[in-house]
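Inspection log for the structure reproduced underneath, given as structure tokens.
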Amino acid sequence: MMGGNPRDLQRQMAQMQAKLAKIQEDLGTETVEASVGGGAVTIKMTGHQVVEAVTLDPEIVDPEDVETLQDLMVAGFNEALKKSQELASTRLGA
């Protein structure tokens with residue numbers, strides 16, 4: 001049998017839900033940045049996994065070698081996603 005006053009438990013649950021909602025809201029304004037290829041591609045992403053910016057070093061844009069740019073873009077997005085998920089995990093785990 002659980003101890004404690006049911007009203008206290010409800011209040012604590014409501015406080016926890018409010019805290020969680022605030023953390024989730026804050027994740028939308030926090031950003032991570034991932035850079036690959038020695039800075040050739042940089043991706044900026046929010047804690048909600050929304051891409052805010054993609055920056056390309058002009059030297060990486062070579063019409064004769066599109067595959068390298070594509071590979072770097074994939075690597076950049078994956079790294080940004082990983083960092084964003086780690087940020088969310090850290091904030092939500094606190």
Side-chain angles (χ1 to χ4, degrees):
M1 188 169 210
M2 290 184 69
N5 183 330
R7 286 192 180 148
D8 286 344
L9 292 174
Q10 281 183 317
R11 183 179 45 79
Q12 289 174 350
M13 181 70 100
Q15 288 173 344
M16 286 176 45
Q17 287 174 333
K19 245 184 205 179
L20 180 59
K22 174 71 171 134
I23 291 168
Q24 289 174 332
E25 180 183 327
D26 290 347
L27 282 172
T29 60
E30 291 190 66
T31 60
V32 295
E33 196 170 280
S35 185
V36 296
V41 175
T42 302
I43 310 292
K44 184 177 178 182
M45 183 178 286
T46 71
H48 286 165
Q49 287 85 48
V50 174
V51 175
E52 288 195 333
V54 176
T55 306
L56 304 175
D57 181 335
E59 291 183 19
I60 194 66
V61 182
D62 179 359
E64 301 296 318
D65 186 15
V66 175
E67 286 183 20
T68 297
L69 178 56
Q70 291 170 333
D71 290 344
L72 287 170
M73 295 289 290
V74 168
F77 281 109
N78 285 333
E79 183 62 23
L81 181 58
K82 178 182 165 192
K83 286 184 174 188
S84 178
Q85 290 169 338
E86 288 171 355
L87 173 67
S89 178
T90 299
R91 296 295 187 265
L92 294 170

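Just so it is clear, the model here is predicted, and its values are computed rather than measured.
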Looking at Glu59, I want to see if its CD is surrounded by more than 12 non-hydrogen atoms of other residues, nucleotides or ligands under 6.0 Å.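 For Glu59, atom CD is not crowded (no more than 12 foreign heavy atoms under 6.0 Å).
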To the nearest 0.5 Å, how far apart are NZ in Lys83 and OG1 in Thr90?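 Reported to 0.5 Å precision, the distance equals 13.0 Å.
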Got a second to check how far Lys82's NZ is from Met45's CE, nearest 0.5 Å?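 Separation between the atoms: 13.5 Å.
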Common cluster, Ile43/Val61, ILVMFWY with side-chain heavy-atom separation under 4.5 Å: yes
Below 4.5 Å, heavy atoms only, C-beta onward: do Ile23 and Leu92 meet side chain to side chain?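 When only atoms from C-beta onward are counted, Leu92 and Ile23 do touch, with a gap below 4.5 Å.
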Taking all non-hydrogen atoms of both residues into account, name the closest pair between [X] and [Y] and its distance.
X: Ala34; Y: Ala80; result: CB-N, 3.4 Å
X: Ser84; Y: His48; result: OG-N, 4.3 Å
X: Phe77; Y: Val54; result: CZ-CG2, 3.9 Å

[X] pairs by side chain to side chain contact (heavy atoms under 4.5 Å, CB included) with which of [options]?
X: Leu9; options: Arg11, Gln12, Met13; value: Gln12
X: Leu72; options: Ile60, Leu56, Asp57; value: Ile60
X: Val41; options: Thr55, Val36, Asp71; value: Val36

I'd like to check the salt bridge (charged side-chain N to carboxylate O under 4.0 Å, His left out) partners of Asp65; sequence neighbours left out, ordered by chain and number. none
Take Leu69 and Asp62 through the side chain to side chain contact (heavy atoms under 4.5 Å, CB included) test and state the conclusion after the steps. CA-CA 8 Å; Leu69 178 56; Asp62 179 359; over 6 Å; no
Restricting to pairs with a member in residues 24-39, which pass side-chain hydrogen bond (donor to acceptor under 3.5 Å, both in side chains), not counting sequence neighbours?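 Qualifying pairs: Lys22-Asp26, Glu30-Arg91, Ser35-Thr42.
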